[in-house]
Amino acid sequence: MDRHYNPGTIEEKWQSFWDANQSFRVSDEDEGREKYYVLEMFPYPSGRIHMGHVRNYTIGDVVARYKAMRGFKVLHPMGWDSFGMPAENAAIQNKTHPAAWTYANIDIMRAQLKRIGLSYDWERELATSDVSYYGLEQRIFLKMYERGLVYRKQAFVNWCETCRTVLANEQVEAGRCWRCGEEVTQKELPQWCFRITRYAEELLEGLEGLTGWPEQVITQQRNWIGRSYGSEIAFRIENSDDSITVFTTRPDTLYGATFMSIAPENPLAVQLSSGTSQAGPVRDFIARVLKQDKTVRSSDDLVKEGVFTGAYCINPVTGRRMPVYVANFVLMEYGTGAVMAVPAHDQRDFEFARAYGLDVRVVIQPEGAPLDPAAMAQAYVDDGVLVNSNRFTGMHNREAMGAITDYLAAQGLGRRTVNYRLKDWGISRQRYWGAPIPVVHCPRCGIVPVPERDLPVVLPEKVSLEVLGRSPLADCTEFVNTACPQCGAAAQRETDTMDTFVESSWYFARYACPDLMDAPLDPARVNYWLPVDQYIGGIEHAVMHLLYARFFTRVLRDLGMLDFDEPFTNLLTQGMVCMETSSCANCGWLFPEEVQSGACTRCGGEARQGRTEKMSKSKKNVVDPEKLIAQFGADTARLFCLFAAPPEKDLEWNEKGVEGSFRFIQRLWRLAEENADLLEHVNAGSYGEPAPGDDAGRAMRRKTHQTIAKVTADIEKSFHFNTAISAVMELVNHLYQFVPHARNHAAGTQAFREAFDAAVLLLAPMAPHVCEEIWQQLGRAGLAGEQPWPTDDPAIAAADEVQIVVQVNGKVRGKLSVDAAAADDRVRELALACEHVQPWIQGREIRKVIVVPKKLVSIVV
RNA sequence: GCCCGGGUGGCGGAACUGGUAGACGCAAGGGACUUAAAAUCCCUCGGCCGCAAGGCUGUACGAGUUCGAUUCUCGUCCCGGGCACCA
């Protein structure tokens, strides 16, 4: 046994071993062992691994290694979400090509991941920017197109007039372009969309079955889909054959509808006003509202504004004329882009009516004081009984919702509907570094999908990224100019690329068959490995990524590529990695190494400690995993990530805590090294019963088996590695105490070996390098990681004496040690006789005595 | 505003289905070893009172249920996250 623990040497040795032996490669054949698919969200190759990755991937790795020791056949793959905007920005900045930048990053990050000792099947590695990936994605796109799941529509995008370019939401800062500061406006452009709304109901209902997901994520998805039941009601436009249809969840208030509000984007706004004196004001109003970017328009304090269109529609039940207004708070994307306004019973309509002097008609009366429209200070939105509602007067409003809708339906003026907040997924990006949308625009045939035989549509290499106003692909003539696949005429390729969320919506299935070249997925292999048994990633993906992946899984199912509904059976959302921030008046944010004993090392000024926040480059509160590993080794980095907090909580980084984890590993090593003579050349499996009367040996074995049970339960139940590690720490502490006994008793030596081997195996998934090394240096057969997971023997773990707490009136007054098998009556007797308890019960009447077996006795006096 | 989480020592965090609050680790203090330091080992460590035995108090705050509440119920305050004019 080596004298000192040398993480650098050991880790390099085992990482090379795993590489050379392809230790974590799995075949796709069913070998009788149960499969287990564990997956961590793949990273964007930004350049370097950060602590959030280390934490995420360590958690996944422990699960993978643990399940393997439990006898599962484990699939644990890794890849790269390698399309995206940062590559283009970096390319412009560094005058390189996005591909060069991306693939260089991948090489760096792959090497970094290997240095953490993660048990990936690298044979299955994939990168979404490889044509072998996105080319197959284009096939999925075509199949979706055939099924009507893809369509094109005019949609508003953020637009900077100065830069003449489309901006992503995150490129808009306080309503202005991030690059030039110009005010961002909304511009209507044709956009490709996926019809996710077709699956809205199924996606919502599927949530019920996701028992392995955190409640929080389920709720967020439910709110995002936002189902609401209501009615569609048609309002005839005065002097016209047309009508305006609205969606409302409150058909019961129809008799109180006194005007109509429509969204500025609603084409009716211009239509209705044209030819009237209101045409000018309406046009101006729309132009002004559309100039505001989405964040401004949806901000809290936006004043409700509107303008009369000059037109009226007719309330179908009262026959009253309702002026039609364009209003800035009405959303085109929700419902029908038009709202029947009931000022008495809707707060927004109320405010609007007061501002523009419109009628307020009460139609729902609460119990007690009747409402007076003139005196109301706010809308009455709660339940009540209908008034002023003709035949429905007197009916409870809940009942009236259905009754009024049915009445309208009978006349063809309305129907019950379900409306969703969820919108179709706009996938068009006017960007270079993404998957080309495989479509051709032909002057004669219109939109023609690229036939499957002509796929993939390869992203051209030579493009200029600095052109403005359109996708860089639009300027690449050899890409754009093509022949129409249908008629052969000169045509142009679509130059939009796909949202990168498309790639991450099916990569988890592709890992089952990454070698397949002529189809995206091999149903047999996908159905064998999937669904993913355990998916692990950041909570920030609670809605978008996880919803899109669920959508895609259903689409792929309907395309016959797989046959399950939900992609991820269990989901673990891990918390962020946080650290204290530091700053100095002169130099701003400081890196941790720029602070020494409270002073800034750059200017000598005072370094102030800020709040603890998520590690980020901008705040400089970061720890570089590479440096950390160089100093302490990967096992320490892993152990600390697991020990400092349970996975779902935020982890507070603490340099001293890292040293503590390092010390613990050294403590384990030293225990082996100092007692190698006792431990060497013995194999697990046969640890004899300690000699009768060997209490210390018995206690050691009890601790061992209790620890095995505890660690196993902590991992199985909730992946609470922090408590699992603390249990092993206790075992190791116990082992140190036990050394003298182990040296003097043969049976004690056995118990010592049993406990030590258990400690090493229990830690093997968490600190794999050092555990393998100890296992090997002590001459154990095989690899630690290939040993069966230790099993606990409840008979050995059971205590033969238990401590009983004695309470008097709920306060702890005494403690007793009692034979575990003692009868309740006997325990009760001992408790009452206990010397510490006597003073509290003497001379008082004992009303009740409660005996909880093996726990406590509660005496009520 | 609405919907989810969450408030436990100096710090990170433990506590099974209501049963000894503070496991484990960090920090701190004291001691041993050392010429010295590091490393290591031993002891102390929620607060208050007490020489001690021991007592009182304590899981954001206020009530309640219970023999017994960090755990269950109601109310209040604070922090974090998500959504937000959704008709």
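Proteins get letters first, then strands, A, B, ... in listed order; numbering begins at 1 in each.
By the side chain to side chain donor-acceptor pair (under 3.5 Å) test, A:Ser228 is found to be paired with A:Tyr334, residues two or more places apart in sequence or in another chain being considered. The side chain to side chain donor-acceptor pair (under 3.5 Å) search around A:Ser231 returns A:Thr405, not counting sequence neighbours.
Contact between the side-chain N/O atoms of A:Arg667 and the OP1/OP2 oxygens of B:U40 is not found at any separation under 4.0 Å. The side chain of A:Asn733 contributes an N or O atom lying less than 4.0 Å from OP1 or OP2 of B:G25. Note on A:Arg663: a side-chain N or O is less than 4.0 Å away from OP1 or OP2 of B:C26. Note on A:Arg348: a side-chain N or O is less than 4.0 Å away from OP1 or OP2 of B:C86. OP1 or OP2 of B:C41 has not a single side-chain nitrogen or oxygen of A:Gln737 nearer than 4.0 Å.
B:C11 and B:G25 make up a base pair, with Watson-Crick or G-U wobble contacts both under 3.5 Å. Partner assigned to B:C2 is B:G82, using Watson-Crick or G-U wobble distances below 3.5 angstrom. For B:A60, the paired nucleotide is B:U76, the pair qualifying as Watson-Crick or G-U wobble because both relevant distances are below 3.5 Å. A 3.5 Å limit on both hydrogen-bonding distances identifies B:G31 as the Watson-Crick or G-U partner of B:C41.
Each of B:A87, B:C42, B:C26 was ranked by its minimum atom distance to the side chain of A:Thr248; first place goes to B:A87.
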Nucleotide-resolved protein contact map, nucleotides 48-70 of chain B, B/S/- at heavy-atom distance under 4.0 Å: ------SSSS---------BS--

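Across all strands shown, A:Gly660 has heavy atoms under 4.0 Å from sugar-phosphate atoms exclusively, and none from any base. A:Gln803 comes within 4.0 angstrom of a nucleotide base, judged by non-hydrogen atoms across all strands.
For the residue pair A:Arg667/A:Asn733, the side-chain donor-acceptor check at 3.5 Å is satisfied.
Below the 3.5 angstrom threshold, one finds no donor paired with an acceptor across the side chain of A:Lys656 and the base of B:C11.
Taking the P atom of each, B:U59 and B:U20 are spaced 16 Å apart, rounded to whole Å.
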